[in-house]
Amino acid sequence: MSRYDPSEIEPKWQQAWDNARVFEARRDPAKPKYYVLEMFPYPSGRIHMGHVRNYTMGDVVARTKAAQGYSVLHPMGWDAFGMPAENAAMERGGHPRDWTEGNITEMKAQMKPLGLSIDWSRELATCRPEYYGQQQAMFIDMMEKGLVYRKAAVVNWDPVDMTVLANEQVIDGRGWRSNALVERRELTQWFFKISDYSGELLAALDGLKDWPEKVRLMQANWIGQSKGLQFAFQTVGAPAGFETLEVYTTRPDTLMGASFAAISADHPLAKALESHPDVAAFTALCRKGGTSALEIETAEKIGFDTGLRVKHPLDPSVELPVWIANFILMDYGTGAIFGCPAHDARDFEFATKYGLTIKSVFVAEGAVETPLTEPYVPMKSEPVHYIRGFAGPAVQTGEAAVTAAIAHAEAAGFGHGVTNYRLRDWGISRQRYWGCPIPVVHCDACGVVAEKKANLPVELPYDVTFDIPGNPLDRHPTWRNCTCPSCGAPARRETDTMDTFVDSSWYFARFTSPHATTPTVAEDAAYWMNVDQYIGGIEHAILHLLYSRFFARAMHKTGHLPAKAIEPFNALFTQGMVTHEIYKTTDANGRPVYHLPEDIIRSDAGATLADGTVVEVIPSAKMSKSKKNVVDPMNIISAFGADTARWFVMSDSPPERDVEWTASGAEATFKHLSRVWALSVRVAEMPLDHQGEGDADLLRATHRAIAEVTAGIEGFAFNKAIAKLYEFTNAIGRASASTIAMKDALRILAQLMQPMTPHIAEAVWAAQGGAGLCAQAPWPKADPALLEDDTVILPIQINGKRRAEISVPKAMPASEVEKLALANEDVLRFLAGQPIKKLIVVPGRIINVVV
RNA sequence: GCGGGCGUGGCGGAAUGGUAGACGCGACAGACUCAAAAUCUGUUAUCGCAAGGUGUGUCGGUUCGAGUCCGACCGCCCGCACCA
C-alpha cells in the first residue's frame with residue numbers, strides 16, 4: 001500500500017462488485033424491500049455534474065438500505081425518445097435511433113466509473129420496441145376503459161419544432177424546448193382523460209406526507225379547484241337552439257351586480273352568429289391573438305355587442321346585453337360568464353371601456369355606497385355589508401354569501417353548485433417521428449380502430465429521412481398503408497406519436513419487470529411497488545409527477561398495477577443543482593465573452609486570464625455550455641477519482657439546495673480521502689500487539705459517529721453526515737488507542753463512508769481485515785450506552801447570558817446541580833449578592849439564574 | 001395580482017426554544033525545506049490590552065431563555081397567472 005490512487009482501486013472494486021453480482025435486485029420474501037429511483041436521464045451523450053449529484057444521492061440511500069438488510073431495487077434507464085435526436089438527424093444527418101443508441105452507450109460508459117449500485121440487468125430505454133410496444137398495449141387498454149379520446153382542439157402549435165405542445169409545455173407563450181412563440185391551430189388530437197381524475201389527484205395530495213410541501217402546493221395550484229354556481233340565462237333574440245345560455249361563476253353572491261353576459265369567441269353561440277360578417281371578423285380577431293405572456297398581459301380587453309339579451313335569473317324584467325369578449329376562455333367553465341364590474345377587476349376594465357353599468361353588491365362594513373373608481377375585491381374571508389344581497393344575512397363573509405347564494409339558486413331551481421378545475425385533458429399527439437407510435441388505424445369503413453395486440457409493437461420504420469420539415473411517418477407509404485384490424489380492408493396508420501411525457505409516466509413500474517412481455521407482472525409489481533424514495537429535480541414538480549400519478553391510476557384501472565400503487569412515489573426528494581461561477585469579459589463591441597474555468601487564474605485580487613486581462617466573476621449559476629461554466633465529471637474522475645466527485649457533490653450544501661462546484665473544494669475532498677488512506681496505511685502497519693490507553697474514548701467516538709452519520713443519511717442531510725465523518729476521521733487520527741481498537745474504528749469508518757465513497761471504503765475495509773465486501777457488511781448499530789458521556793458540562797446563564805459552566809455527573813439530581821451552580825465563583829461574582837428570583841435547571845442542558 | 005420559500009462570519013453552511021457559527025473552504029502564523037509545492041500543527045464573528053461589550057436582514061412582541069415562535073416591514077428567490 002502506498003499513495004491513494006483512485007485510478008487503481010476504483011476499477012478493481014467495481015469489478016469485485018460485478019463478480020459478486022452485489023447489486024442485482026432479487027425478490028426476497030425474507031427481507032423488507034426498498035425501491036430507490038432517480039429520475040432517468042435523457043441520453044444526451046454526456047453526463048453532467050447534476051447527474052452525478054442526483055445519482056449519488058440515490059446511491060447513498062440504496063447502499064445504506066442494502067446494508068441495513070433491505071432487498072433493494074435501484075435501476076437505471078433512458079428517457080430516449082424526443083426531439084433532440086431528430087434535430088441531430090436534421091443538422092448532421094444520420095438516424096435518430098443510431099444517434100440515441102450511440103449516446104446511451106457513451107453515457108453508460110461515463111456512468112459506470114461512478115461506482116453506482118445500479119442493477120444494470122434491468123436497464124431499459126423508452127425508444128426500444130420492448131418498452132414502447134408495452135406502452136402501446138396499455139394505450140389500447142386505456143382506449144377500452146374510456147381514458148383516451150380524440151377531438152378537434154385548438155392547440156398550441158410550435159412553428160419551429162413543427163409539433164403540438166401540451167399547455168404544460170408552453171412556458172410564457174413559448175415552446176418549452178424550442179423557445180419559439182406558440183401559435184393557435186385547430187387539429188384533431190389524441191387526449192388522455194386526466195380531467196376525470198382532477199378531484200382525486202387533488203385530494204390525494206394530502207396523503208403524500210413525504211413529498212415536499214412545495215411540490216404538493218404547485219400541483220394543487222395547477223389542478224386549480226374552484227367551487228361555484230352554474231346556471232342558465234334565458235336568452236332574448238338568440239338563434240334556435242340557444243334559448244338558454246349556461247354560465248359559471250365562483251361569485252354567485254354578486255349576481256345582483258351583473259351588468260352584462262360575455263361569451264368566448266370559440267363559444268357555440270359565437271360560432272352560430274358568425275354568419276354575420278361583423279361577428280366573424282371579430283371572432284377571427286380574437287383567435288389571432290398570440291398566447292405569449294407579454295401579449296396576454298398587455299392585451300387589451302376587446303368586446304363585441306351581439307345585440308342579444310339575457311334575462312336576469314332573479315328579476316326577469318332586467319335584461320343584460322350579451323357580448324363576445326376575448327378574455328373569456330372556452331375551455332374553462334362553460335365558456336360564458338356574467339360580468340359584475342363592481343367586484344371583478346377584468347369585468348371592471350371591460351365595463352369601463354364599453355360604458356356598461358357598474359353596480360355595487362356589497363360595501364365594506366360600516367361604509368356607504370359610493371361610485372367606484374376601481375373594483376372592490378376584498379378577501380372572500382372578510383365580512384362585508386351586502387346592500388344588494390339575495391341570500392344570507394346582510395353582513396357576512398364572501399364565503400358564507402357564496403354558499404348561501406348557491407343554496408338559494410338550487411332551492412329556486414335556476415342553478416346548481418359545480419366544482420370546476422383548471423386542469424385540462426392531456427393532449428398527447430405529436431407530429432414527430434421519434435416517439436412511440438399511437439397504435440391505431442384509420443379505416444374508411446370502420447373509422448378509428450385500435451391495432452390488434454397481436455400486431456404490437458407497431459414499430460417505427462427505420463428508413464426515413466429528415467431533409468424536409470414535418471413528420472416523416474406522414475410520407476412513408478409502405479409503413480403508413482396497412483390493413484384494418486377490424487375488417488381487413490386497406491387502411492392507414494395513425495402517424496402521430498406520443499408525447500415523450502407518456503414514456504416517463506410509467507417507467508418506474510416497468511423497472512419491476514423490465515423484460516416481461518406484458519407491461520408489468522403482477523407478482524413483481526406487487527413486491528416492488530411503490531417507489532420508496534424518488535429523487536429528481538424540482539423542474540418536474542408539475543408535469544412529470546402529475547402525469548405519473550394519473551398514469552398509475554390508469555394502470556390500476558387497466559389491471560397493470562395493484563391498488564396500492566395508484567400513488568406510485570411514497571417519498572419524493574427534489575435536489576438542487578450543481579452550479580459554478582461564470583467568468584466573463586467583454587469584447588470590443590461590448591458583447592460578453594465567457595471563459596472556461598481552467599483558463600482562469602484566481603488570486604486574492606480577483607480573477608484574470610493568462611494574459612492578465614481582468615475577468616468579471618459572476619457567482620454561482622447553473623452550469624451551461626453557452627456560459628462555459630460546465631465542469632465535466634469525466635475530467636474530475638480522471639483527475640481525482642469517482643469517490644472525490646461523489647463526496648464533494650454531497651458535502652457543503654444541503655441536498656435540496658444548489659451546491660457550487662469549486663476547484664478548491666474538489667481538491668480539499670481529494671486531500672481528505674488521501675488522509676483517510678494514509679491513516680489506514682499507518683494503522684495497517686502498526687504492530688498487532690500495540691496497546692494504547694485511548695480505546696474507550698475511541699469507542700465512544702465510533703458509536704457517536706454511527707448514530708450521527710446514520711441520522712444524517714436517513715434524514716437526507718448528507719452534508720451533515722459528511723461533517724460527522726470528518727470529525728470521526730480526525731478523532732481516529734488523534735486517538736492513541738490499541739491496534740485492535742484502531743482497526744475496529746477504521747472498519748466502521750469504512751462502512752459509514754461506503755454509501756458516499758464506496759471504492760476507498762472497500763479498500764480500507766479490506767486493509768483493516770474486514771470480511772467479504774464492505775458493500776455487503778451489515779450496517780453498524782450504535783450502542784446507546786456509549787452515546788452519552790458520564791459527565792456533562794452545563795452552561796450557567798444569569799438573566800439569559802452565559803456566565804459560567806460547571807462539569808457535573810450526568811445522573812446528578814437537579815437539587816445538587818442547583819447547589820453546585822450557586823456555589824460557582826463566577827456565578828457568585830456576577831450575582832454580587834443580589835437575591836435570586838428564579839432558578840431554572842434543564843437537566844443535561846443548561847442552568848438559568850434569574851435575579 | 002395570487003401562492004410559497006429564504007435572509008447566520010470573507011465563502012458554503014451547523015444549531016429537538018437552551019453555550020450561535022459544528023464541519024468544510026479561504027486566510028493567517030508556525031514546523032519541515034536551500035527554496036517552493038506537498039504535508040503537519042495552530043489561529044481565525046466582531047470591538048477591546050484586558051475585564052467585558054456587541055452580534056443571526058430591520059422594528060416590535062411572547063418567554064427564565066429566541067437564529068428558531070408571533071406581528072409588521074425591507075430584500076432576494078421560485079411557482080402560477082384574463083381560470084369567471
[N]: pairing nucleotide in any strand, Watson-Crick or G-U under 3.5 angstrom:
{"N": "B:A38", "answer": "none"}
{"N": "B:A51", "answer": "none"}
{"N": "B:U43", "answer": "B:A27"}
{"N": "B:G67", "answer": "none"}
{"N": "B:U16", "answer": "none"}
{"N": "B:C80", "answer": "B:G1"}
{"N": "B:C6", "answer": "B:G75"}
{"N": "B:C32", "answer": "none"}

Nucleic acid contacts - residues 654-664 of chain A versus RNA chain B, non-hydrogen atoms under 4.0 Å | A:P654, A:R657, A:S664
Can you tell which of [options] lies closest to the side chain of [X]?
{"X": "A:Q797", "options": "B:G18, B:G3, B:A22", "result": "B:G18"}
{"X": "A:W222", "options": "B:U19, B:A81, B:A22", "result": "B:A81"}
{"X": "A:I542", "options": "B:C25, B:G79, B:G65", "result": "B:G79"}
{"X": "A:I840", "options": "B:G24, B:G18, B:A84", "result": "B:G18"}
{"X": "A:N730", "options": "B:G24, B:A84, B:U19", "result": "B:G24"}

Quick one: closest heavy-atom pair of A:K227 and A:Y248, and the distance?
-> C-OH, 3.5 Å
Shortest non-hydrogen contact from A:D253 toward A:A401 =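 Distance-wise, the nearest heavy atoms are CB-CB, 3.6 Å.
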Assign B:G48 to syn or anti; the rule is syn for a glycosidic angle within 90° of 0 and anti otherwise.
->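 B:G48: anti.
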Atom [atom1] of [X] and atom [atom2] of [N]: how far apart are they, to the nearest Å?
{"X": "A:I846", "N": "B:U19", "atom1": "CD1", "atom2": "P", "result": "5 Å"}
{"X": "A:M330", "N": "B:A84", "atom1": "CE", "atom2": "P", "result": "16 Å"}
{"X": "A:R422", "N": "B:G3", "atom1": "CZ", "atom2": "C1'", "result": "12 Å"}
{"X": "A:F327", "N": "B:A81", "atom1": "CZ", "atom2": "C1'", "result": "15 Å"}
{"X": "A:Y726", "N": "B:A14", "atom1": "OH", "atom2": "C1'", "result": "15 Å"}
{"X": "A:I538", "N": "B:G3", "atom1": "CD1", "atom2": "P", "result": "19 Å"}
{"X": "A:F830", "N": "B:G53", "atom1": "CZ", "atom2": "C1'", "result": "11 Å"}
{"X": "A:W677", "N": "B:U39", "atom1": "CH2", "atom2": "P", "result": "17 Å"}

Pair A:F648 and A:F670, ring centroids less than 6.0 Å apart | no
A:G800 vs A:D347, nearer the 5' end of RNA chain B by closest nucleotide |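 The 5'-side residue here is A:G800.
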With nearest nucleotides of RNA chain B determined for A:R802 and A:K227 from heavy-atom distances, which residue corresponds to the more 5′ nucleotide?
-> A:R802
Taking atom [atom1] in both [N] and [M], what distance in whole Å separates the two?
{"N": "B:G3", "M": "B:U68", "atom1": "P", "answer": "24 Å"}
{"N": "B:C70", "M": "B:U62", "atom1": "C1'", "answer": "7 Å"}
{"N": "B:G13", "M": "B:G60", "atom1": "P", "answer": "29 Å"}
{"N": "B:G61", "M": "B:A14", "atom1": "C1'", "answer": "28 Å"}
{"N": "B:C25", "M": "B:A31", "atom1": "C1'", "answer": "23 Å"}
{"N": "B:C74", "M": "B:C59", "atom1": "P", "answer": "15 Å"}

Does [X] place a side-chain N or O at less than 4.0 Å from the phosphate oxygens OP1/OP2 of [N]?
{"X": "A:N221", "N": "B:C2", "result": "no"}
{"X": "A:R682", "N": "B:C40", "result": "no"}
{"X": "A:R845", "N": "B:G65", "result": "no"}
{"X": "A:K720", "N": "B:A14", "result": "no"}
{"X": "A:K801", "N": "B:U54", "result": "yes"}
{"X": "A:K671", "N": "B:U39", "result": "yes"}
{"X": "A:Y332", "N": "B:A84", "result": "yes"}

Between the side-chain atoms of A:K301 and the base atoms of B:C82, is any donor-acceptor pair under 3.5 Å?
->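 By the distance-only test, yes, there is a pair.
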Assess whether one donor atom and one acceptor atom, taken from the side chain of A:N848 and the base of B:C64, lie less than 3.5 Å apart.
-> yes
Describe the nucleic acid contact of [X] in one word from base, sugar-phosphate, nothing, applying a heavy-atom distance below 4.0 Å.
{"X": "A:R803", "value": "sugar-phosphate"}
{"X": "A:L217", "value": "sugar-phosphate"}
{"X": "A:L725", "value": "nothing"}
{"X": "A:V842", "value": "base"}
{"X": "A:R829", "value": "sugar-phosphate"}

Would you call A:R424 and A:D331 a salt bridge, using N to O less than 4.0 angstrom?
-> yes
Between [X] and [Y], do the side chains contain an N or O donor and an N or O acceptor separated by less than 3.5 Å?
{"X": "A:E581", "Y": "A:Y583", "answer": "yes"}
{"X": "A:T644", "Y": "A:Y4", "answer": "no"}
{"X": "A:S651", "Y": "A:Y726", "answer": "no"}

Atom pairs and distances, side-chain donor-acceptor, residues 255-268 of chain A, under 3.5 Å, sequence neighbours left out:
residue	atom	partner	partner atom	Å
A:S259	OG	A:T357	O	2.9
A:S264	OG	A:D266	N	3.0
A:S264	OG	A:I328	O	3.3
A:D266	OD1	A:R287	NE	2.8
A:D266	OD2	A:R184	NH2	3.3
A:H267	ND1	A:L269	N	3.0

Six-ring centre of A:F327, A:K301 cation under 6.0 angstrom, axis tolerance 45° | yes
Quick one: list whatever passes side-chain contact (heavy atoms from CB on, under 4.5 Å) with A:N719, sequence neighbours left out.
->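 side-chain contact (heavy atoms from CB on, under 4.5 Å) check on A:N719 returns A:P654, A:P655, A:A717.
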Sole candidate of A:L752, A:V676, A:N730 that passes side chain to side chain contact (heavy atoms under 4.5 Å, CB included) when paired with A:L725 | A:L752
